[in-house]
Each structure stands twice: as C-alpha cells, then as structure tokens.
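Whatever order the structure lists ligands and atoms in, that order sets their numbers, starting from 1. Residue numbers count from 1 along this sequence. These figures come from a predicted structure and were not determined experimentally.
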Amino acid sequence: MREFAGKGNFIVTIDGPAGVGKSTLAKRLAKHLGIAYLDTGAMYRSLALHAGAGVADLSDAEMREMFTAYSYALKKEDDQYALYFNGKKIGEEIRTEKAGRLASVVAKIPEVRKALQKFQREIGEETALVAEGRDMGTVVFPYAPVKFFLDARPEVRAKRRYDELTGKGQQEKYEDILQNIIARDEQDRNRAADPLAPHENAIIVDTSELDIEGVFQELVRHCQIVAAGDK
Ligand SMILES: Nc1ncnc2c1ncn2[C@@H]1O[C@H](COP(=O)(O)OP(=O)(O)OP(=O)(O)O)[C@@H](O)[C@H]1O
Ligand SMILES: Nc1ccn([C@H]2C[C@H](O)[C@@H](COP(=O)(O)O)O2)c(=O)n1
C-alpha cells in the first residue's frame, strides 16, 4: 500500500497527547502496511536537547539561520526505520521526562514548528509513511487519506508510563509522571501555534479501555475500509 489515488505517497497520521501509545501503534501499523514510520516527537526532542530552551531568545532570522545548518534524515536499517539528526542517529538519550518537557516548550516557537514541518513534508515526499505527533493530520499532512487521533485519560497514560519506566528499572513516582502528563497536555493543547487537536476528519480512538492489540486491530480495520474505497 505504498501509493494512493489521492495526492502523493500514502500517508497515515496518528496524533494524540503524551503517552497515549502513538509510537507503539505507529511503529506496528507501519510494519503491517510495509511503509516507513516517522516519530516527529523525536525531532522536537533531539532539537530541544541540542539547542536548549535558550532557543526561545533567538530572533526569527537567527532561528532560520540556525536551521540552515541542521538536517534530519529517515533511513531504513534492516527492517527498522532510524531517524538521524545532523548525521547522528537519534537514540535513547531523548527518552527522558526532562527531554519531553523541554521539547514541549521548544515546540511552542512558530519558527521551530515551520522548520520541522518542512523537514517532515520533505520526508513524506520521499516515502509512504505512518507519521505520528501532534499536528500530523491538522497541519503537516492534512490530505492524508487516513488520520487517527488517539486519546486516553491522563491517569491511564500515567500508569502505562509508570509501568514502562519501572520495567526499565527507572524509579519515577507515579504522581510526578501524572503531573508531567497534565502539564504537557496543557502546553500542547493550548499553545497558539498548531495546538494539539483532532483534524475534523480524524478517526478518534479512545484507548483507555483497550489493550495494544485492541487499538491495533481498530487502526487496521479503518485502513482497510479506506483502502477498499480507493480501489
Ligand atoms: N492500549 C494500550 N494498552 C496498554 N499499554 C499501552 C497501550 N498503548 C500504549 N501502551 C504503553 O504505554 C506506554 C506509552 O506508549 P508510547 O510511548 O507508544 O506513547 P506515545 O504516545 O508515543 O508517548 P509520547 O507522546 O510521550 O512519545 C508504552 O509503555 C506502551 O507500551
Ligand atoms: N508533531 C509534534 C510532535 C511533538 N511535539 C512536541 C510536543 C510534545 O510534548 C513534545 C515531545 O513529543 P513526544 O515525543 O512526547 O511525542 O514535542 C509537537 O509539538 N509536534
């Protein structure tokens, strides 16, 4: 399912709040469809760790100048897709609560959003994608034939994240994770530039009462409906 009768490559978008399962489901769906997976949160996280919160003090012109020296690339390695920032593979260093918070702050800056959205569209012009983030359906790929918006109660998302971190041996308190999720929701949903919201045609899936398999089957079912209508 690499091409679509609509515009350009076949793109599926998955948006939603922090910790709702976007990466887990996008990766799995991309593998199932045989197309690439793009984690746009990783782009904001790597930029935030590299440039720091001080980026907010730059003028628009300085910011545009900064981006001329930056690059992102999506590469297929074995059967996985890896994202590179300035020639270096993005790894586990971005997967911390602190990097998530910093990314959410940097993501409020309109010039940052414009620059990363341009990189994202260029990647979408090269290859069919499952692209996940906050504004994939609303801003970056509004013409995508399948647009999902995942949601779940903050307490459910916090518990899943807590279990994940505990499983990795990281000792974060449940209450701190919940507060972080609530703060990021507030920031991502209420910022002036491209706030988190479902596209008017998005399929909204509340995952609070579904396990990963249940969500996956729901996403596949909708992709099949669209593919059948496209024949
Ligand atoms: N439906 C589900 N049922 C149970 N656990 C889930 C479900 N969906 C995701 N998870 C688990 O929740 C955690 C968060 O998922 P994931 O990292 O995919 O979310 P995310 O939306 O990409 O988060 P972020 O926005 O912070 O990058 C993971 O441990 C994942 O295994
Ligand atoms: N398309 C996107 C992707 C991410 N962000 C911002 C907002 C998030 O809080 C932060 C980290 O994303 P995550 O890795 O948790 O998905 O990056 C955004 O504004 N737009």
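- In this structure, of E213, E209, E164, E132, the residue bringing a heavy atom nearest to atom 13 (C) of ligand 1 is E164.
- Among all protein heavy atoms, the one lying closest to atom 14 (C) of ligand 1 is R161 NH1, 3.6 Å.
- Closest protein heavy atom to atom 9 (C) of ligand 1: G21 CA, 3.6 Å.
- When heavy-atom distances to ligand 2 are checked against a 4.0 Å cut-off, R191 comes that close only through its side chain, counted from C-beta outward.
- Given atom 31 (O) of ligand 1, the protein heavy atom at minimum distance is I212 CD1, 3.8 Å.
- Using bins of under 30°, 30° to 60° and over 60° for the plane-to-plane angle, the ring pair Y174/Y162 lands in the perpendicular bin.
- Between E132 and ligand 2, no pair of N/O atoms sits closer than 3.5 Å.
- Scanning the protein for heavy atoms near atom 14 (O) of ligand 2, the closest one is R45 NE, 2.6 Å.
- Contact detail for A82 and K89: the closest heavy-atom pair is CB-CE, 3.8 Å.
- Residue-level proximity to ligand 2 for Q187 is absent, since no heavy atom of it falls below 4.0 angstrom.
- Only side-chain heavy atoms of R45 come within less than 4.0 Å of ligand 1; its backbone N, CA, C and O stay farther off.
- With a 4.0 Å heavy-atom cut-off, ligand 2 is reached by no atom of M43.
- Residue contacts with ligand 2 for R184 involve side-chain atoms from C-beta outward but no N, CA, C or O (heavy atoms, distance under 4.0 Å).
- For a threshold of 3.5 Å applied to N or O pairs, the pair formed by D188 and ligand 2 contains at least one separation below that value.
- For R157, no heavy-atom contact with ligand 1 is shorter than 4.0 Å.
- Taking atom 17 (O) of ligand 2 as the reference point, the nearest protein heavy-atom neighbour is Y44 CB, 3.6 Å.
- In terms of polar-atom proximity, defined here as any N/O pair under 3.5 Å, R95 makes no such contact with ligand 2.
- Using a 4.0 Å cut-off between heavy atoms, K159 makes no contact with ligand 1 at all.
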